[in-house]
Protein chains: 2
Amino acid sequence: MRPRDENKIQGIREKAIEMITNEGLENFGINRLAKAAGVSPATIYIYYKDKDDLINQISVEEGLRMCGATLEGFEADMPFEKGLWIQWKNRAKYALNNQVGASFYDQLRNSTYREQMLKAISDEMKKKAGPFVKNAIKNGEINEISMEVFWSVALAPLYSLVKFHQDEHTFSGKKFVFSEKIMKETFNYVIKALKK
Amino acid sequence: MRPRDENKIQGIREKAIEMITNEGLENFGINRLAKAAGVSPATIYIYYKDKDDLINQISVEEGLRMCGATLEGFEADMPFEKGLWIQWKNRAKYALNNQVGASFYDQLRNSTYREQMLKAISDEMKKKAGPFVKNAIKNGEINEISMEVFWSVALAPLYSLVKFHQDEHTFSGKKFVFSEKIMKETFNYVIKALKK
DNA sequence: TTTTTAAATGAGCGATCGCTCATTTATATT
DNA sequence: AATATAAATGAGCGATCGCTCATTTAAAAA
């Protein structure tokens, strides 16, 4: 029998992410994707049940890719400040080196397709980030805290900073540029907040 | 001459927000909107140049509405902690009492339509939030800080907390419920971070 | 009451949508 | 070399899209 052409399905995936990011979910369509990826519309339905299935599968893949990048070199038993800083560096690096992926994630995470992606991400994050916080509490590095409050204080500021960079949009009228110096400054505020 | 029916245009606005929120920007269309609002498709084009114009106008209106709600009773010369707490309370109240509007905002802010809405919001926020931070620095309540870092440390945690509530989605498997107690707990971390 | 004028309409245009199917193509197996 | 089989295709279906236009409707101005 004829084997699947991995280049074809990879092209479909990449073009889908690119189109959704650049033209918006509202202008994304199977016929357009087929044309952009250089395949027949019918080919896409060999790999995906329908349009929703395609978007959901790709969003989960991209979400997990981001999780993996964020947790690279991170271990739950690390000292608190060190472990958190690794997550900050990883996530910033991912967002800066993969702007299309990061923008795709933001759009999907705030669309009607959010559910499956968020489920996949939270399941993945739970594994390492949950124990990490529990350890930090047990070791007396930080006070007792729920996962949601921790996330909001420890990580939301970073995502906000990255978003300012993505937006090329600013309060002062001139473009905001992300830098390690600014990231470190913000990180220090967060550490001051959380450390006993 | 025949006057405009204000109920009609108001109905168009409200149904558009409702449809985009519940069905997604990707399933929003003029014909569908017309049917939902009980008007002819042609009527919509009396008020809006085209579909993009409609989405942009409505997104700017909703963005400014949220700004107004967030800044209610807030003044730039307030003491730092008091002024920031008012913004937190206002924004939380808005998000909780107007879930459709808040969800609409998130979706548009992360779509290809973000530009006009963000411009309108940042212009509006600059007026009061900018001087507020400058005052707090001048009065020695907080250290010198850029608008972007301030925003990321002082407000991003709140938005994250509200989003957890909206998502009905959690790390611990059971639903996260927003409360004033949790908000205050998170606020205290932020104050600890920023106050000298 | 008549005239004027903009609001409002419903039918429908061409384009594109998501998706299917009969057919062709390429490769692993025999 | 012949066969079997799944991948891949292009044409095209019915539905819906964004949008227009000739016509009707309603209220202000005369």
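Residue numbers begin at 1 in each chain, while the letters A, B, ... track the order of the sequences.
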**Fill in**
From NZ of B:Lys51 across to P of D:dT16 the rounded distance in Å is 15 Å
**Asked** Among residues 36-43 of chain A, which contact DNA chain D at a heavy-atom distance under 4.0 Å?
**Response** A:Val39, A:Ser40, A:Ala42, A:Thr43
**Request:** Using only side-chain N and O atoms of B:Tyr45, determine if any of them is under 4.0 Å from OP1 or OP2 of C:dA8.
**Result:** no
**Asked** Once you round it to whole Å, what is the distance between C1' of D:dT16 and CD of B:Glu23?
**Response** 14 Å
**Message:** Consider side chain to side chain donor-acceptor pair (under 3.5 Å). Of B:Lys8, B:Glu6, B:Arg13, which one does B:Gln10 pass it with?
**Reply:** B:Arg13
**Item:** Distance, nearest 0.5 Å, that separates OH of A:Tyr48 from CD of A:Gln57
**Value:** 5.5 Å
**Prompt:** Does a side-chain N-to-carboxylate-O contact under 4.0 Å join B:Glu141 and B:Lys196?
**Reply:** no
**Request:** Return no unless some side-chain N or O of A:Arg4 is found under 4.0 Å from OP1 or OP2 of D:dA7.
**Result:** yes
**Any donor-acceptor pair under 3.5 Å from B:Asp106 side chain to A:Asn110 backbone** = no
**Request:** Mind checking B:Phe28 for me? I need base, sugar-phosphate or nothing, with any heavy atom below 4.0 Å counting as a touch.
**Result:** sugar-phosphate
**Prompt:** Is any side-chain N of the basic residue among A:Asp167 and A:Lys163 closer than 4.0 Å to the acidic one's carboxylate O?
**Reply:** no
**Message:** I need the CG-P distance between A:Asn7 and D:dA8, as an integer number of Å.
**Reply:** 10 Å
**Asked** Which whole-number value in Å describes the distance from A:Leu25 CG to C:dG18 C1'?
**Response** 15 Å
**Request:** May I ask you to verify if any side-chain N or O of A:Arg2 is less than 4.0 angstrom from the OP1 or OP2 atom of C:dA28?
**Result:** no
**Message:** Considering every strand and a 4.0 Å limit on heavy-atom distances, what is the contact class for B:Tyr48: base, sugar-phosphate, or nothing?
**Reply:** nothing
**B:Met1 or B:Ile46, whichever maps to the more 5' nucleotide of DNA chain C** = B:Met1
**Message:** Could you tell me how far apart B:Ile44 (CD1) and C:dA7 (P) are, to the nearest whole angstrom?
**Reply:** 15 Å
**Request:** Ignoring backbone atoms, establish whether B:Tyr47 has a side-chain N or O less than 4.0 Å from OP1 or OP2 of C:dA8.
**Result:** yes
**Asked** What's the closest nucleotide to the A:Asp50 side chain, out of C:dT9, C:dT16, C:dC19?
**Response** C:dC19
**Message:** If I take atom CZ from residue A:Phe28 and atom CZ from residue A:Arg32, how far apart are they, to the nearest 0.5 angstrom?
**Reply:** 10.0 Å
**For atom CG of A:Asp5 and atom P of C:dT24, their distance in whole Å** = 22 Å
**Message:** Rounded to whole Å, please give me the gap between NZ in A:Lys35 and C1' in C:dA15.
**Reply:** 12 Å
**Request:** Please state whether the rings of B:Phe80 and B:Phe132 are parallel, tilted or perpendicular, taking 30° and 60° as the class boundaries.
**Result:** parallel
**Prompt:** Which residue, B:Pro3 or B:Arg32, contacts DNA chain D at a nucleotide closer to its 5' end, judged by nearest heavy atom?
**Reply:** B:Arg32
**Request:** For B:Ile30 and C:dG10, give me the distance from atom CD1 to atom C1', rounded to whole Å.
**Result:** 16 Å
